[in-house]
Student: 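Can you read through this structure? Questions will come right after.
Every chain is numbered from 1 and lettered A, B, ... according to where its sequence line falls, protein lines coming before strand lines.
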Amino acid sequence: MAEFNPTQKFEKIEHNGIEVRGLNIHIGDAHILKDVNVTIPKNKITCIIGPSGCGKSTLLRTFNRIIDTTEGVKISGDVLLGDHNIVKSHGSDLIELRRHIGLVPQRPCPLPMSIYDNIAYGCRIHGIRNKEKLNAVVEHYLRSIGLWDEVKDRLSAPAGRLSGGQQQRLCLARSLAVEPSVLLADESTSALDPISSKKVEQLFVDLKRDYTIVMVTHTLQQAQRVADHVIFMYLGEVVEQGPARDVFNNPQNELTKRYLDGAFS
Amino acid sequence: MKYRIIKDKVAGGVMTLFTLLSLILLVAMAVGLWLKSADILEEHSMWNLLTASEWKPMRNQFGFLAFISGTFYVTGVATVIALPTSLLMAIFLTEYSRSTVRRYIYPLLDILASLPSVIFGVWGTLVIVPIVSDIIGPAVGTATSGYTLLSGAVVLSVMILPLLVSLFIEILGNVEIDLREASLALGATRWQTTKHVVLKKGLPGIIASTVLAISRALGETIAVLMVCGNLIIIPDSLLDACYPIPALIANNYGEMLSLPLYESALMFAAFILFFIVLVFNLGARLYLKTIKTE
């Protein structure tokens, strides 16, 4: 067992960030995303900002196609990750592809099982059942998000008993345990208290070395703290995008300027 | 100016009263049945009544074992048929189907659930009984009239199926979509998500619904009575007739007054049924409590 590396269990995707071209999304009769073209750079934190209802969550949820759980959704265009076209993936390809793109949800949602099983779940569904390997994986990823010391004596306790902040870090570790290349965070700190929120935010900053991170943030301040790259959306369209410094300090578009000044939210 | 306060107090009081009345009714029923069974319990020991299968009221022999086993067999087999079927239906409807499918199926299930049981009895007599006597019986090499434990169980399972499906749909539908998405986002298939997350989360509710449906099945009378044969034997196979407790009471109450202990015996039968349902429900509640605290 000595040679088992808990971070190299699965194949990884070779990629250079995410490339979105001509993406249109309709849900029922509503045109939610209109001809979106964006680039998500590798190993950076990209923040999608914009007023509520602008389509930023929809865009995020397209990256792992979890948008498919919404009924009546129609997608066209291309979302490229390495050799894979996320929009054109179907069936088993899509299911396989989702492993490469982790999702940290808005509200912490531990699966209805123990702390241990929450982390092991992803490995189990992908066929790793060896107890020692699972132990190694659980320990590694709980350590990586700084939760190990807090929970190592009660790994078999239901995950629902953890505090909100601990649950959210657990969800992050759960996503990391299947070795994604991309991490999606949908307002992942909005339901947490300020201290837990800071901790999770800091984790994302630490993680960008190994992962390409896309965040939808509910506060501009958070985006200003963590973003390397910014996408500003309004009414389903991308208004402006670019390196965070440029967008925040020298916005080119009038709408972006007004949004950053707090004229609307 | 105090009028609205008085109204509030009166409303609260009336509601408490009605709630208490329903509780009192339950206790009164149990006590009433017990008192009415006193005559037979004076003459026969409880143990004898429950373990003997001879039922000859004319000769003062009252053994309830055949009826008790008939009740358990019919309900048990019906549950074995209905439970997996309804669970799979509910999973299909909540996890796999589109909302247009659901829009058409839900009202149908509601109609099926509200059909009077005598209609199920007629359907069983006209459809299930002939199938059992003409197809299933010959297929396994047994001559049978078709009025069997199997027919009773099939009819009963079809009766509790819509109830189970609609309860299960309610329960699975209440499992947060976030949980499903969390599982799917890890690369799980829909079936893995259903099995490990949705069903796991819904388990307490699934158990509670099953208990509710079984309680109803235990007491279901007319439809089962019409197809189960009503022979006082302990059934050895699915193709034997059986005679559940509700059928015993319904068939005989009203014509037993000439015999000294007959009425008391039937009251005791009712008490047994009451007791079975009660114990079953309490047991399930205790079990639910333990899995919820886990």
Student: State whether the number of non-hydrogen atoms from other residues, nucleotides or ligands found under 6.0 Å of B/F280 atom CZ is greater than 12.
Tutor: yes
Student: For atom NZ of B/K195, is the number of surrounding heavy atoms from other residues, nucleotides or ligands below 6.0 Å larger than 12?
Tutor: no
Student: Identify the two heavy atoms, one from B/A185 and one from A/L103, that lie closest to each other, and give their separation to 0.1 Å.
Tutor: CB-CB, 3.8 Å
Student: Looking only at heavy atoms, which two atoms of A/Y121 and B/V197 are closest? And how far apart?
Tutor: OH-CG2, 3.8 Å
Student: Considering only heavy atoms, which portion of A/E96 lies under 4.5 Å from any heavy atom of chain B: side chain, backbone, both, or neither?
Tutor: neither
Student: With a 4.5 angstrom heavy-atom cut-off, could you sort out which part of A/P180 is near chain B: side chain, backbone, both or neither?
Tutor: neither
Student: Taking every heavy-atom pair that is under 4.5 Å apart, which of A/R124, A/R99, A/R65 has the most such pairs with chain B?
Tutor: A/R99
Student: Taking everything shown except B/F275 itself, do over 12 heavy atoms lie less than 6.0 Å from its CZ?
Tutor: no
Student: Do other residues, nucleotides or ligands put more than 12 heavy atoms under 6.0 Å from the CD atom of B/E170?
Tutor: no
Student: Most heavy-atom pairs under 4.5 angstrom with chain A, which of B/R180, B/E176, B/E181, B/K200?
Tutor: B/E181
Student: Is atom NZ of A/K199 surrounded by more than 12 heavy atoms (other residues, nucleotides or ligands) closer than 6.0 Å?
Tutor: no
Student: Using modelled atom types and a 3.5 Å cut-off, is there a donor and acceptor pairing between side-chain atoms of A/E71 and backbone atoms of B/R98?
Tutor: no
Student: Is any side-chain heavy atom of A/R174 less than 4.5 Å from a side-chain heavy atom of B/L186?
Tutor: yes
Student: Looking at B/V198, B/V175, B/L179, which one forms a side chain to side chain contact (heavy atoms under 4.5 Å, CB included) with A/P112?
Tutor: B/L179
Student: Does NZ belonging to B/K9 count more than 12 external heavy atoms closer than 6.0 Å?
Tutor: no
Student: Is A/I101 in contact with chain B via its backbone, its side chain, both, or neither, using a 4.5 Å heavy-atom distance?
Tutor: backbone
Student: Looking only at heavy atoms and a cut-off of under 4.5 Å, which of A/R61, A/H100, A/Q106 has the most pairs with chain B?
Tutor: A/R61
Student: For B/Y287, does the OH atom sit with more than 12 other heavy atoms under 6.0 Å from it, leaving out its own atoms?
Tutor: no
Student: Count the heavy atoms of every other residue, nucleotide or ligand shown that sit under 6.0 Å from OH of A/Y116, and state whether that count exceeds 12.
Tutor: yes
Student: So which heavy atom on B/Q192 is nearest to which on A/I125, and how close?
Tutor: NE2-O, 3.2 Å
Student: To the nearest 0.5 Å, what is the distance between CG (B/L184) and CD1 (A/I66)?
Tutor: 4.5 Å
